[in-house]
Amino acid sequence: MGGLLLAALLALVSVPRAQAVWLGRLDPKQLLGPWYVLAVASREKSFAVEKDMKNVAGVVVTLTPENNLTLSSQHGLEGCSQSVMELLKRNSGWVFENPSIGVLELRVLATNFRDYAIIFTQLEFGDEPFNTVELYSRTEAASQEAMGLFTKWSRGLGFLSQQ
């Protein structure tokens, strides 16, 4: 399925240099269905060392009747392992979280709803808070527009090329 990269699934931390802009009129139903994760920027301590070993074949986004987001991912270099993560909708806007599993915030930074979505996630595992920016694509190859926006958001949030 191509060279699909991924750190830990979706995680973000507030970054002092740039603030995420929320798409106020986002309808989460437009994000439902299968996505490829084509690019990841992460501040996880082990990400730069292990990034070649982290591979995601895909993520399927669904919405529960309570408007909670469910992310089902398949990942792994040798065979596939699956994980399912349910994120609870916050009261303000379409921001999702599940602190009990380390996901403090998940939001969409940019999307055209058809082809790509740029996802920002704030995570905390153990004593390590970190964030990620991910490029979701409906196809195995991202458009120039999607790659440009991913690069813009990653750099704007202070990520370095090795991250």
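Note: hydrogens, waters and symmetry copies are ignored here, and every other heavy atom, side chains too, is used.
Val60 has its side chain out of reach of Trp35: every pair of non-hydrogen atoms, C-beta onward, lies at least 4.5 Å apart. Looking at Leu109 and Leu157, their side chains come closer than 4.5 Å, going by heavy atoms from C-beta outward. Side-chain contact between Trp153 and Phe159: absent, with no pair of heavy atoms (C-beta onward) separated by less than 4.5 Å.
Taking all atoms of both residues into account, the shortest heavy-atom contact from Lys89 to Asn68 is N-OD1, 3.1 Å. For the residue pair Arg90 and Glu97, the shortest heavy atom distance occurs at NE-OE1, 3.0 Å. The minimum heavy-atom distance linking Leu38 with Ala141 is given by the pair CD1-C, 3.8 Å. What you find for Pro129 and Glu124 is that their closest heavy atoms are CB-OE2, 4.0 Å.
Remark: Thr62 OG1 to Glu86 CD distance equals 8.5 Å, nearest 0.5 Å. With values rounded to the nearest 0.5 angstrom, Asn112 atom CG is found 9.0 Å from Leu149 atom CG. Atoms OG1 and CG, from Thr70 and Leu87 in turn, are 7.5 Å apart once rounded to the nearest 0.5 Å. The CZ atom of Arg138 sits 11.0 Å away from atom CZ of Arg114, with the distance rounded to the nearest 0.5 Å. Rounded to the nearest 0.5 angstrom, Met147 CE and Ile118 CD1 are separated by 8.5 Å.
A donor-acceptor contact closer than 3.5 angstrom is absent between the side chains of Ser143 and Glu145.
Not counting sequence neighbours, the partners of Leu32 by the side chain to side chain contact (heavy atoms under 4.5 Å, CB included) test are Lys29, Val61, Leu63. When the side-chain hydrogen bond (donor to acceptor under 3.5 Å, both in side chains) test is applied to Ser137, the partners found at least two apart in sequence or on another chain are Thr139.
Hydrophobic clustering, with ILVMFWY side chains joined whenever heavy atoms are under 4.5 angstrom apart, keeps Ile101 apart from Leu88.
In this structure, the side chain of Asn98 does not engage the main chain of Val103 through any donor-acceptor pair within 3.5 Å. Proximity of a side-chain donor or acceptor of Thr111 to a complementary backbone N or O of Tyr116 within less than 3.5 Å is detected. Of the possible donor and acceptor atoms, none in the side chain of Arg107 sits under 3.5 Å from a partner among the backbone N and O of Phe96.
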Inset, instruction - Would you please test Val40 and Val133 for side-chain contact (heavy atoms from CB on, under 4.5 Å) and show each step? - result: CA-CA 6 Å; Val40 177; Val133 176; over 6 Å; no

Legend entry - Working for side-chain contact (heavy atoms from CB on, under 4.5 Å), residues Leu71 and Leu106: CA-CA 11 Å; Leu71 304 171; Leu106 179 137; 4.1 Å; yes

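Few gaps surround CD on Glu66; more than 12 heavy atoms of other groups in view lie less than 6.0 Å from it.
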